[in-house]
Amino acid sequence: MASSELEGPKRLERVIEAHGILMAACGPRHLIRFEELLGRLTGERAGSLEELLPDWINAKALAGVRLMDSEGVATEGGFDFRHEAQRVMRAAQKVGKFTGQVTKPQLDDEYSQEAVFSAIKGPFYERHRTTLVENPTVHSGDLPDLKLPSRANDFYKPIAQYAQYNGWWWPCPACKWPMKVAATRSGGRTRGTVRCLYPWHEETGASYEFVVTTQRKTAPSLSPTFECRVPSGRFAALWTGARPQTPQAKPAEECAALVRPVWRYTVVPGLPELSLHRALTAALAGTAWTSHLWPNGDQCDHWITHQDSEKPWFPADFKDYTWSNHLVSKLHLDGGDKGGAEYLVVPDYRQDQVAQLDMVCRMYGMKAAMTATAYLELVIIGIKEGRA
């Protein structure tokens with residue numbers, strides 16, 4: 001969506017939304033004046049968080065973070081910071097360690113993970129959660145075919161305006177969710193860009209451009225902005241990044257997509273979780289061992305069992321946090337993992353978080369924090385060497 005479309009009421013609505021996001025992330029007792037935020041809409045400080053945040057927030061970790069982009073859409077970093085901070089506040093409230101005057105709407109986001117899991121709980125939990133992960137978008141007429149609980153159907157909404165161009169949208173080649181569209185003018189020429197809102201998907205190839213035309217009946221064709229390369233070797237099995245395939249446009253009026261929080265916190269982490277489970281299932285085929293995904297209604301995210309016993313082995317919890325300090329805070333508040341997981345697993349592209357998380361996990365009796373590929377190898381080697 002071009003920035004020229006954000007005028008009048010639409011622009012004001014986006015600014016008010018941005019103000020709410022920032023206030024929620026900072027927590028109670030910290031005032032951010034609306035007029036101060038208005039001063040961050042243009043110029044070199046556009047979208048900057050500098051000097052707006054309370055003292056308890058690590059300013060270095062947020063250097064360069066923007067709350068919203070030039071089109072008025074919440075940025076990846078700002079969006080994740082808000083929702084991950086809310087998870088920490090919920091955990092603090094549950095254990096009575098949050099004393100601020102925070103209201104229930106601030107803590108209970110309409111599309112929080114708790115709301116999603118509550119909507120799909122029951123004997124078909126794994127199937128319903130897998131359906132959401134694999135179907136972030138759906139043809140409007142096909143929604144009943146997903147056989148989701150009625151409450152889960154409410155998570156699907158019309159394609160957002162910022163993901164459309166002349167009524168067309170493009171699915172990310174990594175997660176299938178609608179990519180963000182923008183049109184910018186440079187040197188008398190208007191160029192369209194299409195990219196996934198999840199940074200790692202964009203960095204691995206979900207980034208395209210197109211020539212802007214006045215034609216509306218025909219969708220423009222995308223061209224990759226750089227070459228997409230899929231890894232080989234040990235990281236190939238669990239690769240969930242973009243692949244070298246250019247997505248085709250689809251008519252927006254015929255489709256629906258999961259709302260952004262459900263996509264970000266159910267679909268995005270669910271892709272490597274499913275990939276890990278399926279890789280282990282294949283590796284354990286023909287043995288006495290079975291891989292379990294989200295066992296006992298999501299007591300933890302993964303474990304394996306032997307055919308002669310129901311005892312769980314290698315119980316693991318999968319976490320995908322942009323801001324590792326938020327995850328560390330939650331681990332401290334929960335005293336480790338609430339579901340009894342012995343391993344904390346992060347996506348391979350979060351390798352830089354492992355050392356910090358491993359130290360905290362061991363403080364609470366957990367065995368280790370590691371990447372998904374390292375966990376896959378640990379389980380396979382452990383079984384072969386009889387350590388399970």
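A quick note: this is a predicted structure, and the numbers were derived from the prediction, not measured.
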Can you tell me how far [atom2] of [Y] sits from [atom1] of [X], rounded to the nearest 0.5 angstrom?
| X | Y | atom1 | atom2 | value |
| --- | --- | --- | --- | --- |
| Glu273 | Thr266 | CD | OG1 | 9.0 Å |
| Asp352 | Thr371 | CG | OG1 | 11.5 Å |
| His128 | Lys121 | NE2 | NZ | 13.0 Å |
| Trp303 | Asn296 | CH2 | CG | 4.0 Å |
| Trp168 | Ile159 | CH2 | CD1 | 13.0 Å |
| Leu293 | Arg127 | CG | CZ | 14.5 Å |

Please answer: with hydrophobic residues joined when any side-chain heavy atoms are less than 4.5 Å apart, are [X] and [Y] in the same cluster?
| X | Y | result |
| --- | --- | --- |
| Ile381 | Leu284 | no |
| Val262 | Trp169 | no |
| Leu331 | Met363 | yes |
| Leu238 | Phe235 | no |

For this session: Count the heavy atoms of every other residue, nucleotide or ligand shown that sit under 6.0 Å from CD of Glu253, and state whether that count exceeds 12.
Result: no
For this session: Could you tell me whether Gln356 atom CD has more than 12 heavy atoms of other residues or ligands within 6.0 Å of it?
Result: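 Buried by this count: over 12 neighbours within 6.0 Å.
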May I ask you to test the [X]-[Y] pair for a side-chain heavy-atom distance under 4.5 Å?
| X | Y | answer |
| --- | --- | --- |
| Leu344 | Met366 | yes |
| Leu357 | Met359 | no |
| Asn135 | Tyr156 | yes |
| Cys255 | Thr137 | no |
| Lys311 | His306 | no |
| Lys367 | Cys361 | no |
| Pro220 | Trp170 | yes |
| Phe155 | Pro136 | no |

For this session: Please name the pair of heavy atoms, one in Pro224 and one in Thr246, separated by the smallest distance, quoted to 0.1 Å.
Result: CG-OG1, 3.9 Å
Exercise. What heavy-atom pair brings Lys180 and Leu197 nearest, and what distance separates the two atoms?
Worked result: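 Taking every non-hydrogen atom into account, CD-CD2, 3.9 Å.
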Exercise. Which is it for Ile383 and Thr287 under the side-chain contact (heavy atoms from CB on, under 4.5 Å) test, yes or no, and what are the steps along the way?
Worked result: CA-CA 10 Å; Ile383 290 175; Thr287 72; 5.9 Å; no
For this session: Would you please test Glu202 and Ser207 for side-chain hydrogen bond (donor to acceptor under 3.5 Å, both in side chains) and show each step?
Result: CA-CA 5 Å; Glu202 178 190 6; Ser207 176; 4.5 Å; no
For this session: Evaluate the criterion side-chain contact (heavy atoms from CB on, under 4.5 Å) for residue pair Leu378 and Phe314; output intermediate values, then yes/no.
Result: CA-CA 9 Å; Leu378 172 75; Phe314 302 102; 4.2 Å; yes
Where the side chain of [X] meets the backbone of [Y], is there a donor-acceptor pair that is under 3.5 Å apart?
| X | Y | value |
| --- | --- | --- |
| Trp177 | Leu258 | yes |
| Asp358 | Val354 | no |
| Glu209 | Gly192 | no |
| Asp301 | Phe318 | yes |
| Gln353 | Tyr321 | yes |
| Asp334 | Gly336 | no |

So, are [X] and [Y] salt-bridged, with charged N and O less than 4.0 Å apart?
| X | Y | result |
| --- | --- | --- |
| Asp320 | Arg264 | yes |
| Asp348 | Arg350 | no |
| Glu377 | Lys384 | no |

For this session: Please assess Arg229 against Thr204 for the test side-chain contact (heavy atoms from CB on, under 4.5 Å), listing each intermediate value before the final yes or no.
Result: CA-CA 7 Å; Arg229 295 184 178 181; Thr204 56; over 6 Å; no
Problem set entry | salt bridge (Lys or Arg N to Asp or Glu O under 4.0 Å) evaluation trace for Asp298 with Arg129 | CA-CA 10 Å; Asp298 199 35; Arg129 188 166 172 181; 3.2 Å; yes
Problem set entry | Ring geometry between His332 and Tyr364 (parallel below 30°, tilted from 30 to 60°, perpendicular above 60°) | perpendicular
For this session: Using the side chain to side chain contact (heavy atoms under 4.5 Å, CB included) rule, pick out the option among Cys175, Ser275, Pro269, Pro347 that qualifies with Thr240.
Result: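 Exactly one option meets the side chain to side chain contact (heavy atoms under 4.5 Å, CB included) with Thr240, and it is Ser275.
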Exercise. Taking atom types as modelled, is there a side-chain donor on Thr305 or Glu310 under 3.5 Å from an acceptor on the other?
Worked result: no
For this session: Take Leu276 and Tyr375, measure what side-chain contact (heavy atoms from CB on, under 4.5 Å) needs, and give me the verdict at the end.
Result: CA-CA 9 Å; Leu276 175 61; Tyr375 175 79; 3.7 Å; yes
